[in-house]
Amino acid sequence: FWFSSIESSHHIATLLMLWPISVISKRVGKRVTCLFAPLFLVLGSIAYLFSFVPDMPWLVYIPRSLMSIGICGLFVLIPSMIADVVDYDELKTGTRREGMFGAIFFWAFKLALGIAVLISGYLLQMTGFKVELDVNQADGTLNTMIYLLGTVPMIGAVVALYCIYKYRLTEKELIGMRAELETRRGVS
């Protein structure tokens, strides 16, 4: 029951955040809105450190919901920001290369997933977890797992925050770029 309801809360939180993210990004800009997504991932990671309380299993919903907000923000806004980079690149080079940018984005995404899958087994082994012990794991194993669950995603979120911070295209620049590109293409 708990696992399925926690996973459901993750998906429900993601769906509920689609509309607010859209509205907020139109109001304050994609970059500013996207800067908040990794912050929610950091908050969710910190919340993981305090949410595994046997008498209060419902606390696990808190970090999952916070993480969902961050993931939703990134997955909605990053592809849109890549489209803006494609426009910027076309303006500078005269060549439209959205296929290349999309390929690089998804290659990097798949590389990150592959690395995560690769190291997750090693990290689990480092905690001292042994399948044959079932729920009777050695002292400290669960605490180490919770610590890693709280810190490893936080490191990735901080890297993402830095990368988004370095993204410098403003909404005003994007509007000007699109107008210039439409003029070049003969679109009125």
Side-chain angles (χ1 to χ4, degrees), residues 1-25 27-28 30-81 105 108-167:
F1 166 78
W2 282 108
F3 182 75
S4 61
S5 66
I6 290 167
E7 279 303 305
S8 296
S9 72
H10 168 78
H11 296 297
I12 291 167
T14 300
L15 285 172
L16 292 175
M17 286 310 298
L18 289 173
W19 182 77
I21 287 170
S22 173
V23 170
I24 293 167
S25 69
R27 188 165 292 166
V28 298
K30 288 182 253 188
R31 178 180 176 267
V32 173
T33 306
C34 200
L35 282 169
F36 283 97
L39 293 177
F40 277 98
L41 293 173
V42 168
L43 289 174
S45 294
I46 292 168
Y48 266 128
L49 299 173
F50 304 102
S51 66
F52 289 95
V53 179
D55 296 337
M56 298 184 283
W58 53 268
L59 284 177
V60 179
Y61 291 114
I62 296 169
R64 287 296 287 186
S65 297
L66 290 169
M67 298 289 271
S68 300
I69 293 167
I71 291 168
C72 181
L74 291 174
F75 275 91
V76 167
L77 295 170
I78 296 295
S80 174
M81 293 166 77
F105 171 73
F109 180 72
K110 289 178 181 183
L111 177 66
L113 283 176
I115 290 170
V117 169
L118 178 70
I119 66 170
S120 64
Y122 291 112
L123 289 175
L124 189 60
Q125 189 176 13
M126 283 175 30
T127 66
F129 179 80
K130 295 191 180 357
V131 175
E132 61 273 5
L133 296 178
D134 198 28
V135 295
N136 302 314
Q137 298 296 318
D139 289 341
T141 300
L142 183 59
N143 288 336
T144 305
M145 291 171 74
I146 292 169
Y147 176 75
L148 288 172
L149 185 62
T151 55
V152 173
M154 193 182 318
I155 293 166
V158 169
V159 171
L161 187 63
Y162 175 76
C163 292
I164 295 164
Y165 174 77
K166 296 301 270 182
Y167 178 90

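In this structure, CD1 in I46 is found 4.5 Å from CE in M154, a value given to the nearest 0.5 Å. One distance of note links CZ of F36 with CG of L43; it measures 11.0 Å at 0.5 Å rounding. Rounding to the nearest 0.5 Å gives a distance of 9.5 Å between CG of L66 and OG of S45. In this structure, SG in C34 is found 12.5 Å from CD1 in I24, a value given to the nearest 0.5 Å. With rounding to the nearest 0.5 angstrom, the CG atom of L41 is 10.0 Å from the CD1 atom of I69. Here S120 contributes atom OG and Q125 contributes atom CD; the two are 11.5 Å apart, rounded to the nearest 0.5 Å.
A 4.5 Å side-chain heavy-atom check between L161 and Y165 finds every atom pair outside the cut-off. With contacts defined as side-chain heavy-atom distances shorter than 4.5 Å, the pair T14/F75 does not qualify.
Smallest separation of non-hydrogen atoms from I164 and P38: CD1-CG, 3.8 Å. When all heavy atoms of L35 and L39 are compared, the pair lying nearest together is O-CG, 3.6 Å. Residues L18 and C72 share a closest heavy-atom pair of CD2-SG, 3.5 Å. Listed here is the closest heavy atom pair of G150 and Y48: CA-CB, 4.3 Å. Listed here is the closest heavy atom pair of V158 and V42: CG2-CG2, 4.3 Å. Scanning both residues, A47 and I62, for their nearest heavy atoms gives CB-CG2, 4.4 Å.
Under a 3.5 Å cut-off, the side chain of S68 and the backbone N or O of H10 do form a donor-acceptor pair. With hydrogens and angles disregarded, no donor-acceptor distance shorter than 3.5 Å links the side chain of Q137 to the backbone of L142. S25 places a side-chain N or O within 3.5 Å of a backbone atom of I21 that can act as its donor or acceptor partner.
Remark: the Y61 side chain and the S5 side chain contain an N/O donor-acceptor pair separated by less than 3.5 Å. Side chain to side chain, S80 and K30 meet the donor-acceptor criterion of an N or O pair below 3.5 Å.
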Practice prompt. Kindly indicate, with the supporting measurements, whether the criterion side chain to side chain contact (heavy atoms under 4.5 Å, CB included) is fulfilled by Y147 and T127.
Written response: CA-CA 10 Å; Y147 176 75; T127 66; over 6 Å; no
Fill in: R64 vs E7, side chain to side chain contact (heavy atoms under 4.5 Å, CB included): CA-CA, chis, key distance, verdict
CA-CA 8 Å; R64 287 296 287 186; E7 279 303 305; 2.7 Å; yes
Worksheet item: When you look at F129 and M145, which way does the side chain to side chain contact (heavy atoms under 4.5 Å, CB included) test go after all the steps?
Response: CA-CA 9 Å; F129 179 80; M145 291 171 74; 4.1 Å; yes
Worksheet item: Between L59 and F50, does a side chain to side chain contact (heavy atoms under 4.5 Å, CB included) hold up when you go through it step by step?
Response: CA-CA 8 Å; L59 284 177; F50 304 102; over 6 Å; no
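Proximity of the aromatic rings of Y162 and Y167 is defined here by a centroid distance below 6.0 angstrom, and this criterion is not met.
Heavy atoms of other residues, nucleotides or ligands lying less than 6.0 angstrom from CZ of F105 number more than 12.
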